[in-house]
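Only one structure is covered here, and it is reproduced in the block below.
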Amino acid sequence: FLIPFSEKRNQQIQGFLSSYNTETVLEQIVDHLTTGELSGFASQVTQKILDYIISNNQIEKLTKTKHFPLLKEHMIKTKQVEKLVNQLVNSKCLDDAVTVIAEYRKLEG
């Protein structure tokens, strides 16, 4: 990242994401990933955005968007399945909740 110290970097990223529509920022980053442009950097930023969305309880913002598979994959990888399933159940997205559980069980064996 362009900000050298990880503590300040996280503060700067949090400030940036709180000022902008996280879905729009995520959309722009995903565009960079699909074109291969800055893919390593874009991947890191994507993870930071998803972490921000999760930590600020904004999961519902992405549940009905094309970014849901990305969020789902990230939450499964980071072992946050229970939080995702609870959000989906609370949002009455039971089919999605069952799918997440099935994918997680398949992955974990």
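Below, all heavy atoms of this structure are taken into account, side chains as well, without hydrogens, waters or symmetry copies.
With Ile59 as the partner, the side-chain contact (heavy atoms from CB on, under 4.5 Å) test is satisfied by one option alone out of Asn90, Leu88, Leu71, Asn86: Leu71.
Of the N and O atoms on the side chains of Glu103 and Thr99, not one donor lies less than 3.5 Å from an acceptor on the other residue. His67 and Glu23 share no side-chain donor-acceptor pair at under 3.5 Å.
Tyr104 has its side chain within reach of Lys79: a pair of non-hydrogen atoms, C-beta onward, lies under 4.5 Å apart.
Taking CG of Asn21 as the reference point, atom CD of Gln28 lies at 9.5 Å (rounded to 0.5 Å). We find the CG-CD1 distance between Leu70 and Ile49 to be 9.5 Å, quoted to the nearest 0.5 Å. Note that OG of Ser55 and NZ of Lys83 are 7.0 Å apart. Values are rounded to the nearest 0.5 Å. Atom NZ in Lys72 sits 13.5 Å away from atom CG in Leu50 (nearest 0.5 Å). With values rounded to the nearest 0.5 angstrom, Gln87 atom CD is found 12.5 Å from Gln80 atom CD. Atom NZ of Lys61 is separated from atom CD1 of Ile53 by 7.0 Å, given to the nearest 0.5 angstrom.
The two residues Val100 and Phe68 have their closest heavy-atom pair at CG2-CZ, 4.3 Å.
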### Candidate pair Thr65 and Leu26, rule side chain to side chain contact (heavy atoms under 4.5 Å, CB included), full reasoning
CA-CA 11 Å; Thr65 71; Leu26 187 59; over 6 Å; no

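In the hydrophobic cluster analysis, where Ile, Leu, Val, Met, Phe, Trp and Tyr join through side-chain heavy atoms closer than 4.5 angstrom, Val98 is grouped apart from Ile76.
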